[in-house]
Amino acid sequence: SGKALMGSGIHYFPNPVRNGFTVQVRYKETGVMKINLYSLDGRLIKQKQLMKQEELVSTAVDIRELVKGVYMLEVLIGDQLRETMKLVKQ
């Protein structure tokens with residue numbers, strides 16, 4: 001669903017993903033935000049890092065080079081894990 005977030009939390013769209021996806025993060029915490037993409041066997045495949053300076057942040061991640069399959073998406077803010085989600089690439 002492409003709806004904006006209510007309350008705090010993290011989500012991404014579209015799902016499943018083809019070439020890329022957008023991560024939307026709503027948390028009061030600011031600082032370094034890391035988006036990590038892992039294979040199911042635990043290898044770090046891709047990482048994006050940015051400075052989170054506002055409560056609501058949206059960022060695009062390009063994964064067109066990755067093979068189809070299931071990945072784990074991890075979002076950290078200020079070195080604290082906020083959420084781990086399953087991501088399906090078609």
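Along the sequence shown, residues are numbered consecutively beginning with 1. These figures come from a predicted structure and were not determined experimentally. Atom set for the values below is all heavy atoms of this structure, side chains included, hydrogens, waters and symmetry mates excluded.
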**Student:** Between CD of Gln80 and CD of Glu29, what distance do you get to the nearest 0.5 Å?
**Tutor:**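 These two atoms lie 7.5 Å from each other.
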
**Student:** Can any side-chain N or O of Asn36 pair as donor or acceptor with the backbone N or O of Tyr38 at less than 3.5 Å?
**Tutor:**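 Not a single qualifying donor-acceptor pair exists.
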
**Student:** If you measure from CE on Met33 to CG on Asp79, what distance do you get to the nearest 0.5 Å?
**Tutor:**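 Here the interatomic distance stands at 13.5 Å.
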
**Student:** Name the one of Thr84, Val25, Leu73 that satisfies side-chain contact (heavy atoms from CB on, under 4.5 Å) with Ile10?
**Tutor:**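 Going through the options one by one, the only one that passes is Val25.
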
**Student:** Rounded to the nearest 0.5 Å, how far apart are OH of Tyr12 and CG of Leu87?
**Tutor:**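 Atom-to-atom, Tyr12:OH and Leu87:CG are 4.0 Å apart.
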
**Student:** Backbone N or O of Ala60 within a donor-acceptor pair of the Lys48 side chain at under 3.5 Å?
**Tutor:**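 Yes, because the side chain of Lys48 sits within donor-acceptor range (under 3.5 Å) of the backbone of Ala60.
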
**Student:** State the CE-CG distance between Met72 and Leu37, to the nearest 0.5 angstrom.
**Tutor:**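 Answer for the CE-CG pair, Met72 versus Leu37, is 10.0 Å.
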
**Student:** What distance do Lys86 atom NZ and Asn15 atom CG have between them, rounded to the nearest 0.5 Å?
**Tutor:**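 Reported to 0.5 Å precision, the distance equals 9.5 Å.
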
**Student:** Lys46 versus Tyr71: any side-chain heavy-atom pair under 4.5 Å?
**Tutor:**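 No, every pair of side-chain atoms sits at 4.5 Å or beyond.
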
**Student:** Counting only N and O atoms by type, is there a donor-acceptor contact under 3.5 Å from the side chain of Lys52 to the main-chain atoms of Ile77?
**Tutor:**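 No: the side chain of Lys52 does not pair with the backbone of Ile77.
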
**Student:** Look at the side-chain heavy atoms of Ile, Leu, Val, Met, Phe, Trp and Tyr, link any pair under 4.5 Å apart, and say whether Val23 and Val88 land in one connected group.
**Tutor:**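 Cluster IDs for Val23 and Val88 differ.
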
**Student:** Under the side-chain contact (heavy atoms from CB on, under 4.5 Å) rule, what do Arg82 and Leu76 come out as? Steps first, then yes or no, please.
**Tutor:** CA-CA 5 Å; Arg82 295 297 171 188; Leu76 299 93; over 6 Å; no

**Student:** Are Val57 and Leu50 side-chain neighbours, meaning at least one heavy-atom pair lies under 4.5 Å?
**Tutor:**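 With C-beta onward as the side chain, the pair touches.
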
**Student:** Applying a strict under-4.5 Å side-chain criterion to I, L, V, M, F, W and Y, I'd like to know whether Leu40 and Leu44 cluster together.
**Tutor:**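 The answer is yes; both residues are in one hydrophobic cluster.
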
**Student:** Linking I/L/V/M/F/W/Y whenever any side-chain heavy atoms sit under 4.5 Å apart, do Val17 and Val67 land together?
**Tutor:**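 The answer is yes; both residues are in one hydrophobic cluster.
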
**Student:** Transitively linked via ILVMFWY side-chain contacts under 4.5 Å: Met85 with Val61?
**Tutor:**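 Yes, same cluster.
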
**Student:** Inspect the surroundings of CD in Gln49 and state if more than 12 heavy atoms from other residues, nucleotides or ligands are less than 6.0 Å away.
**Tutor:**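 Atom CD in Gln49 is packed in, count exceeds 12.
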
**Student:** Atom NZ of Lys68 and atom CD1 of Ile63: how far apart are they, to the nearest 0.5 Å?
**Tutor:**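 Reported value, rounded in 0.5 Å steps: 12.5 Å.
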
**Student:** What are the two closest heavy atoms between Gly20 and Pro14, and how far apart are they?
**Tutor:**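 Smallest interatomic distance, heavy atoms only, reads O-CD, 3.8 Å.
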
**Student:** Testing the 3.5 Å rule here: is there a donor-acceptor pair between the side chains of Gln24 and Arg26?
**Tutor:**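 There is no such pair between these side chains.
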
